[in-house]
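Accompanying notes for the structure given below.
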Amino acid sequence: MIALLTRDLRLAVRAGGGFGLGLAFFLIVVVLVPFGVGPQSALLAKIASGILWLGSLLACLLSLDRIFALDWEDGSLDLLATAPVPLEAAVSIKALAHWLTTGLPLVVAAPVFGMLLNLPGPGYGPVVLSLLLGTPALSVIGTFGAALTVGIKRGGLLLSLLVLPLYVPTLIFGAEVARRGADQMDYSTPMLLLAGISCGAIALLPFASAAVLRVNLR
Amino acid sequence: MELTVTDLAVARGGVPVLEGVSFTVMAGEALVLRGPNGCGKTTLLRTVAGLQPALAGQIGLEREAMAYAGHSDGIKAVLSVRENLQFWADVFATGSIEPALEAFDLNGLKDRPAGSLSAGQKRRLGLARMVVTGRPVWVLDEPTVSLDVSAVEMFAGAVRTHLRGGGLALMATHIDLGLDEARVLDVRPFKAKAPALDDFDGAFL
Amino acid sequence: MASIWEYANPKKFIATTDKLLPWVSALAVVALVSGLIWGFFFTPEDYKQGSTVKIIYLHVPAALMAINAWMMMLVASLVWIVRRHHVSALAARAAAPIGATMTVIALVTGAIWGQPMWGTWWEWDPRLTSFLILFLFYLGYMALWAAIENDDTAADLTSILCLVGSVFALLSRYAVNFWNQGLHQGASLSLDKEEHVNDVYYYPLLVCIAGFILLFVALVFLRTQTEIRARRTRALLARERLGQ
Amino acid sequence: MMPELGKYEIEVLSSYAVSIVIIVALVAISILRSRKARALLDDVEKRSGRNG
């Protein structure tokens, strides 16, 4: 299984692997917001944590259909299905690879981009924390969506339509933690709920994704 | 070690394609499934390899004993030959990949990105992968498509060494394989008869 | 009594629903018309909300049906996964558009009703928002059905999506509550608690709800038959192409 | 015959109108699709000789 992870990471880093794609998209979103909303720093500061969360959510969404599409096209998905590795494990590894190549860089980059939106001082810690807790859920749910639409040509739009409603709880709690952190309020309850959703998703969704993949492989 | 399949029925897209398929492949033997395109050879192979559930019938061997190779060899163009092979060696937890590289004289191409290989070389890498899985039963779908004569020769040699080593092979193709000693089974007689139209059951037919 | 699974046979399902359909639709029309007329013409104005309270007879039944339709789809999906009966998967597919329309009606009437009270057309109120999210789930579900050609795979994928979607819809329901307190009035209808709206409004509401349920059942019968026939046509055409 | 609706007349009437229009549209579409499917099926069944 580790072999699958190292292979996916190596694939992502290699040319055209799309490692920096999510990050670049996140930067573009953060840069575009002031153009849309206006440069008044007071206003920007208020919505900064929300924008950071929305940006990372969309960045995750963007890189989802790459998870299975490449393996589907060159037949390695069939080979993986007949390999001794259980499909549930392979799917979790795929989600982990997606998180490492997309989710984690977002968490690291968030404070830097936070400065662009002059996020208030105390907000930096909670934003990073909430993203750290939330992005794994985004990757696992996204993998489920990617598995659903792997067999469909040009399923990218459908993938977003299916996955966005599933992202709502994570977005609400994640942004809540970030917002309360920025206003120096106690953010423990939303954070616990956020972590709860992530743990639940990580534990249960791979079974659904594997079942969906088996259906698609038929 | 033998693969016995008893009156297997398979469906594609919900429509029954083949039924009552029975055959036995002994160790050291190869069976070639012949038949026109679209008559269900690929579906049959995928069912035997365990990729899709059968409508009816039994398959003698467990899925773990089989190595399946479809039309495309699951080769990552960006990774080098050695990395591709090493990945599959790790997944199937078989030892080193040297013997496989040797068997298909891929040593020269070891560090070249797989994307730059010719069709024949890619197929040699696919076959090397089969060896690396270390599984006795090879299930091959159209293995010699887009191969020139010398590559087909090389393919036949590889299958023969596999069979000599006590393995067995089940292949589907409609073009020559260069394996004249293999038994041939025509799947046309097993075509699924259309169920009577009078009362459409679950399958809506 | 023959087990209900024998209705899983498409032909028998069509036969029985053909017999039931006229009755159910007649009852639905009667209940709907009488409930709405009773509620619209013969209930007094509310001292606080004025006549807008009459919108209750559309808003509450539609909202109820929106949720019950999804529940029905969830059960039908489970039946498909466990018993592999095509009819239940097709019934789920047939119910989705109806549920989506009910959600639209609930949202529209809710917005219109809320406008004089809250002063704006759209208020990010937890219940209205969770209906908006439910509507997105309906859209996703229907889009997935449309995107896949092979009927069996489509049935499998959509039923798994329905299961996962239900969990997240529930999660969103409470996340939205957490995210914004809420201007929506309390439950205007509750079978257990006593504080539901007083009787003069209550009985027409029950009739309207019965009407909506009967309408839903009639439409599901009709649309499931259509799905079965369409599926059978596709199967026959597929067989023709195979040259049998 | 028209009940006294007070100043919210537009709201009440518009919500009733919109809802009834939507319901009628849904029923109409369902019936049309059902007829089309029935016709298509009969045609295909006739064409394939044996009647289902």
Side-chain angles (χ1 to χ4, degrees), chain A residues 1-21 63 66-94 96-98 101 147 150-153 209-218, chain B residues 10-14 42-43 45-55 61-80 82-94 97 113-115 122 125-126 129-130 132-135 137-142:
Chain A
M1 284 216 292
I2 307 301
L4 182 58
L5 183 62
T6 39
R7 182 198 73 153
D8 275 357
L9 292 181
R10 196 176 291 147
L11 274 175
V13 174
R14 279 284 162 78
F19 175 74
L21 218 56
S63 51
R66 298 180 64 86
I67 295 179
F68 290 118
L70 299 173
D71 286 342
W72 172 267
E73 276 139 24
D74 64 25
S76 8
L77 214 51
D78 289 345
L79 308 181
L80 268 179
T82 51
V85 172
L87 213 47
E88 283 77 5
V91 164
S92 319
I93 294 286
K94 287 274 176 189
L96 178 60
H98 175 264
T101 50
V150 73
I152 300 163
K153 291 177 290 306
S209 312
V212 162
L213 267 188
R214 279 194 196 90
V215 168
N216 269 327
L217 284 175
R218 267 212 301 270
Chain B
V10 290
R12 182 177 46 226
T42 305
T43 321
L45 280 186
R46 285 176 73 89
T47 312
V48 169
L51 277 171
Q52 70 186 63
L55 286 182
L61 281 175
E62 267 314 307
R63 201 168 67 119
E64 272 62 38
M66 297 180 207
Y68 171 81
H71 299 292
S72 50
D73 292 314
I75 293 169
K76 289 293 175 190
V78 176
L79 296 178
S80 77
R82 196 170 39 77
E83 282 162 341
N84 264 302
L85 218 47
Q86 189 56 50
F87 164 65
W88 288 109
D90 297 344
V91 168
F92 283 86
T94 47
I97 55 172
K122 278 201 176 109
L125 179 55
R129 188 190 69 80
M130 299 292 277
V132 158
T133 60
R135 290 201 168 169
V137 179
W138 282 9
V139 181
L140 303 167
D141 191 4
E142 306 286 355

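Just so it is clear: chains get the letters A, B, ... in the order the sequence lines come, proteins before strands, and each one is counted from 1.
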remark   = Rounded to the nearest 0.5 Å, the CG atom of B:Asp90 sits from the OG1 atom of A:Thr6 at a distance of 7.0 Å
request  = Not counting sequence neighbours, which residues clear salt bridge (Lys or Arg N to Asp or Glu O under 4.0 Å) with B:Arg129? List them please.
outcome  = none
key: Value rounded to 0.5 Å, distance of CH2 in B:Trp88 from CG in A:Leu80   = 4.5 Å
task = Report yes if the side chains of B:Lys76 and A:Asp71 come closer than 4.5 Å at any heavy-atom pair, otherwise no.
result = yes
request  = Tell me, for B:Ile75 versus chain A, whether the close heavy atoms (under 4.5 Å) come from the side chain, the backbone, both or neither.
outcome  = backbone
message = Report which part of A:Leu77 has an atom under 4.5 Å of a heavy atom belonging to chain B: side chain, backbone, both, or neither.
response = neither
note = Interatomic distance, CG@A:Asp78 vs CZ@B:Arg46, rounded to 0.5 Å, equals 4.5 Å
inquiry  = Taking salt bridge (Lys or Arg N to Asp or Glu O under 4.0 Å) as the definition, give me every residue that meets it alongside B:Arg135, ordered by chain and number, with sequence neighbours left out.
reply    = none
task = Could you have a look at A:Leu217, A:Thr82, A:Leu79 and say which one has the most heavy-atom pairs with chain B under 4.5 angstrom?
result = A:Leu79
